[in-house]
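The structure appears right after this line, and notes come after that.
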2 protein chains.
Amino acid sequence: MGVVIDNDRCSIARALGLLGERWSLQIVRDISNGVRRFEELREHLGVARNVLSNRLSALVDAGLLERVAYQEFGSRQRHEYALTSAGRELWPVLMALMAWGDRHLADGPPPVEPEHVGCGGKVALVPVCEHGHVVEAGRELGLRLGAGGV
Amino acid sequence: MGVVIDNDRCSIARALGLLGERWSLQIVRDISNGVRRFEELREHLGVARNVLSNRLSALVDAGLLERVAYQEFGSRQRHEYALTSAGRELWPVLMALMAWGDRHLADGPPPVEPEHVGCGGKVALVPVCEHGHVVEAGRELGLRLGAGGV
DNA sequence: GCGCTAAGTTCCCCCAACGAACTCAGCCTC
DNA sequence: GAGGCTGAGTTCGTTGGGGGAACTTAGCGC
């Protein structure tokens with residue numbers, strides 16, 4: 001069954017090499033929600049300073065975040081963190097995780113929901129093929145070897 | 001800006017409490033690709049036995065996997081691992097991670113691609129609202145407090 | 001110069017991951 | 001029915017990363 005490839009060539013494995021621990025994706029989530037500064041992140045996440053410092057550096061090095069200077073009146077110049085386009089493109093991962101957590105780990109109704117700004121409808125991720133067909137996950141979604149296949 | 005809630009009520013944080021390390025999602029991926037047995041998983045992932053054992057137990061306890069008995073001819077009865085429906089429903093997370101990794105971490109064309117079985121078209125995740133509108137991620141996708149909001 | 005603050009860095013402790021070796025259960029052969 | 005084989009773990013000692021707390025640094029206002 002299934003299409004099995006070398007693990008170290010798998011994009012999921014690579015992505016998890018960078019994002020596969022407890023904090024990175026939460027940092028990305030917080031930054032995309034406007035929590036941008038070291039102290040805010042530390043407090044909101046409850047993560048140790050040194051760990052946060054390490055994660056932020058790793059994410060900057062990996063090109064997901066960039067340091068941006070800012071200066072509040074009466075304070076020295078500091079910097080906060082902003083998502084790069086690579087970081088912003090993690091939104092489907094966050095959305096999928098949120099939907100799954102809402103469904104399987106929640107102890108009540110979901111605290112936040114993705115919405116279609118303008119029409120206000122709830123948003124879900126739907127698999128659609130390049131010919132515009134909506135793909136049914138259970139039966140119609142498969143894997144094939146791609147151009148970089150074995 | 002953004003909608004920020006208590007971190008321990010966030011479904012992303014909860015999901016990462018369970019899945020937020022290097023192996024869990026790779027195990028789910030492998031099992032959904034037909035790599036179901038302890039020794040196969042260990043070899044394909046290159047993970048230490050005790051760690052794999054811990055992960056598998058945690059995932060079984062969390063209801064993502066179940067142990068299924070099997071017996072090969074001439075061998076004693078053993079068991080392998082199968083996804084429960086909760087485990088199967090992680091496919092959007094895996095798909096999103098794979099797409100992101102293909103785009104941002106790959107050193108060549110993607111080794112495997114999701115396809116629409118039958119029509120053969122490449123499949124992508126598209127955010128769609130409950131009224132059927134395709135939502136543009138950059139501008140039209142927002143968050144609102146849900147029923148379980150603060 | 002002094003104190004304040006955000007953003008780190010350093011220190012030490014501890015747990016979780018790691019590889020290697022060992023165990024265990026049932027089947028087969030001899 | 002003893003001994004070997006195999007898959008699926010468990011145990012053990014070591015190492016690396018996460019955790020908290022204390023310290024450092026740079027610039028601002030006083």
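Lettering of chains follows the sequences in order, A, B, ..., and the numbering in each one begins at 1. Only this structure's heavy atoms are used, side chains among them; waters, hydrogens and symmetry mates stay out.
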*Among C:dA7, D:dT6, C:dC18, the one nearest B:Val47 by side-chain distance*: C:dC18
*For the residue pair B:Glu113 and B:Pro110, what are the closest heavy atoms and their distance?*
OE2-CG, 3.6 Å
*Once you round it to whole Å, what is the distance between P of C:dT5 and CD of A:Glu39?*
11 Å
*How is B:Arg42 classified with respect to the nucleic acid when contacts are heavy atoms under 4.0 Å: base, sugar-phosphate, or nothing?*
nothing
*In terms of side-chain heavy atoms of A:Arg22, which of D:dG9, D:dG19, C:dA7 is nearest?*
D:dG19
*Within this structure, what is the CG-to-P distance between A:Leu41 and C:dG8, rounded to whole angstrom?*
10 Å
*Does a side-chain N or O from B:Tyr81 land closer than 4.0 Å to OP1 or OP2 of D:dG7, or not?*
no
*Approximate separation, where rounding is to 0.5 Å, of B:Leu16 CG and B:Glu21 CD*: 10.0 Å
*Could you give the CG-to-C1' distance, from B:Leu52 to C:dG19, as a whole number of Å?*
14 Å
*If only side-chain N and O atoms of B:Ser53 are considered, is one of them under 4.0 Å from the OP1 or OP2 phosphate oxygen of D:dG9?*
no
*What is the nucleic acid contact for B:Glu72, judged by heavy atoms within less than 4.0 Å: base, sugar-phosphate only, or nothing?*
nothing
*Atom CG of B:Asn54 to atom C1' of C:dC18: distance rounded to whole Å?*
12 Å
*Counting only side-chain N and O atoms of B:His79, is one of them less than 4.0 Å from OP1 or OP2 of D:dG7?*
no
*Check the distance between D:dA8's P and B:Glu40's CD and give it to me in whole angstrom.*
8 Å
*Take B:Arg49 and B:Arg55, find for each the nucleotide of DNA chain C with the closest heavy atom, and name the residue whose nucleotide sits nearer the 5' end.*
B:Arg55
*With A:Val47, which of A:Ile27, A:Leu52, A:Leu41 fulfils side-chain contact (heavy atoms from CB on, under 4.5 Å)?*
A:Leu52
*C:dC27 P sits how many Å from B:Gln77 CD, rounded?*
9 Å
*Answer with yes or no whether the side chains of A:His44 and B:Asn7 bring together a donor and an acceptor at under 3.5 Å.*
no
*Short side-chain N/O contact from B:Trp23 to OP1 or OP2 of C:dC18, under 4.0 Å*: yes
*Taking atom CD of A:Glu43 as the centre, does the number of heavy atoms from other residues, nucleotides or ligands within less than 6.0 Å exceed 12?*
no
*If you take atom types as modelled and just measure distance, does the side chain of A:Arg76 reach the base of D:dA26 with a donor-acceptor pair under 3.5 Å?*
yes
*For B:Phe38 and D:dA8, what is the distance between atoms CZ and C1' respectively, to the nearest whole Å?*
6 Å
*Starting from P on C:dA25, measure out to OH on B:Tyr70 and report it in whole angstrom.*
17 Å
*asked:* Base, sugar-phosphate or nothing for B:Phe73? Non-hydrogen atoms, less than 4.0 Å.
replied: nothing
*Assign B:Gln71 to base, sugar-phosphate, or nothing according to its heavy-atom contacts below 4.0 angstrom with the strands shown.*
sugar-phosphate
*When you get a sec, tell me which of C:dG19, D:dG7, C:dA6 is the closest nucleotide to the side chain of B:Asn50?*
C:dG19
*Validate the cation-pi geometry between B:Arg78 and B:Phe38: distance from NZ or CZ to the six-membered ring centre under 6.0 Å, angle to the ring axis within 45°.*
no
